[in-house]
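One structure is given here, and the rest of the page talks about it.
Chain A is the first sequence line, chain B the second, and so forth, proteins listed ahead of strands; every chain is numbered from 1.
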Protein chains: 2
Amino acid sequence: MTSRSAPPARDRLADAALSLFDERGYDQTTVDDIVERAGVGRSTFFRYYGSKEAVVFPDHDGLLDAIRARLATSSDATALVAVSDAVRLVLLHYLEEGEIARRRYALTSKVSALRDREIASVARYQRLFREFITAWMGDEAPGAALRAELMAAAVASAHNHVLRRWLRGECQDPLAELDAAMQEVIALFTAPAPTADGAGTTVVAFQSSQPLDALLPALRRLLAEDGPAK
Amino acid sequence: MTSRSAPPARDRLADAALSLFDERGYDQTTVDDIVERAGVGRSTFFRYYGSKEAVVFPDHDGLLDAIRARLATSSDATALVAVSDAVRLVLLHYLEEGEIARRRYALTSKVSALRDREIASVARYQRLFREFITAWMGDEAPGAALRAELMAAAVASAHNHVLRRWLRGECQDPLAELDAAMQEVIALFTAPAPTADGAGTTVVAFQSSQPLDALLPALRRLLAEDGPAK
DNA sequence: CATTTGGACGGTACTCAGTTCCACGCCAGG
DNA sequence: CCTGGCGTGGAACTGAGTACCGTCCAAATG
């Protein structure tokens, strides 16, 4: 209505909000300020964004659904690998946002309310991971639930670590770093196969007539499978 | 003023709030309702509790300080052990609260705003752990930061796992379970000795003319030493 | 005893986020 | 022409949180 060639009201609201947050800070910006700059009515703001915070975090819910879908159709050998793969979706989403993601990071670094909200979002991913892993390995053994919890936390943390490095510009190839980090996470949980009594460490020794190089691919495959490791 | 033998206003407010939350639910209870039942003025409520949510989470800040102090004076062999020890303070705090902690758990399970706030609190503990671990092992090697992140997340998750089990009454000796969980966490990170270059999982393949049985004793001796394994 | 001072409390008025409801304009298709 | 959706604007309301001030009480001080 106000100007007919302008981009859709939703985008104007986001632009107005982010620029005002940059100029005056988040707390010093009221919703009235935002709608005034965007040239729309106050109702319109809350129609598009459920809250003032939601302008900053537009689509966590959609991403959560995408991950759920990915996990549902995933046919990976182990739950941890499937989750490590699914979490790439999250990183990819941020990478596609590009500069927007960095502006948001600058905001969340300053405003604790926004930081808390982002942490809550991450916790939802982590919860989804945990539920998936728990479902994957029935809750047979005691300690399975704890293990699932640890795995989900590790995947989420490793992702956040790489994401923050990229957001701070300390990282040239975030996807490669994510893969490396996930390798480390998987190695964490596949290596020692902790026995019930605690001090773990299963060792498999074997003899082969083939050179080391010929054995490596098979070794990798074995390590990736791991499984119950009773 | 209203009644002179009553317990201090702060406690009356907490009681009134929690009972009203139980009766009508959190969202359906206004601060006016609370102060009316407590028989105090509205200003008094916000004097004691900075927000409506804060009635439910009284002393996370104090606990955070206690942990900081504990970590500062800790002279443990490794950072992970020190953190695993410090996190006992958190669990002990909840255990001392007893029934109050369970009422809070029932609330946070229903009200997402409260759940989010609790998650944010936990994230602060985790951040403190991460900073401590990072400081302990200088940031020499690349991958050290990730490792610190994973350790902190593992400790926090293991604690939360045990805490939730106790809150749900699935647990008779929570401190013992916490110790066991921390053992598992420590085992996770001490076993495989990840190499400096990132991709973890060192595999040693060798060929020997001797039968497997002859090699086992030597293998055991090697594994018992383990140590740095650079 | 009178006065002062400081702290705890109550009350009022305000800002702002978020909700609800309604009214208006615009653009189909009948 | 009008009719029924649909996006929008606007007004009024609730409730959390803040700022400020007045009051009461009690202990300290003369």
Atom [atom1] of [X] to atom [atom2] of [N]: distance rounded to whole Å?
X        : N       : atom1 : atom2 : result
Arg12(A) : dG7(D)  : CZ    : P     : 16 Å
Glu36(A) : dT8(D)  : CD    : P     : 19 Å
Leu20(A) : dC16(C) : CG    : P     : 14 Å
Tyr49(B) : dC9(C)  : OH    : P     : 12 Å
Gln28(A) : dA17(C) : CD    : P     : 11 Å

Sequence neighbours left out, what passes ring pair (Phe, Tyr, Trp, His ring centres under 6.0 Å) with Phe21(A)? Give chain and number order.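 Expected list: Tyr26(A).
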Determine, for [X] against [Y], whether the closest basic-nitrogen to carboxylate-oxygen distance falls under 4.0 angstrom.
X         : Y         : result
Arg68(B)  : Asp65(B)  : yes
Lys110(A) : Asp27(A)  : no
Arg127(A) : Glu131(A) : yes

Any non-hydrogen side-chain atom of Ile67(A) less than 4.5 Å from a side-chain atom of Val90(A)?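 Yes - at least one pair of side-chain heavy atoms lies under 4.5 Å apart.
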What is the per-nucleotide protein-contact pattern of nucleotides 15-20 of chain D, from the 5' end, where B denotes a base atom under 4.0 Å from a protein heavy atom, S denotes such proximity for sugar-phosphate atoms only, and - denotes neither? SBBB--
With sequence neighbours excluded, residues passing side-chain hydrogen bond (donor to acceptor under 3.5 Å, both in side chains) with Asp61(A):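 So Asp61(A) forms no side-chain hydrogen bond (donor to acceptor under 3.5 Å, both in side chains) with any residue.
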According to a strict under-4.0 Å criterion, is Tyr48(B) in side-chain N/O contact with OP1 or OP2 of dA8(C)?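 False: Tyr48(B) side-chain N/O out of range (4.0 Å or more) of dA8(C) OP1/OP2.
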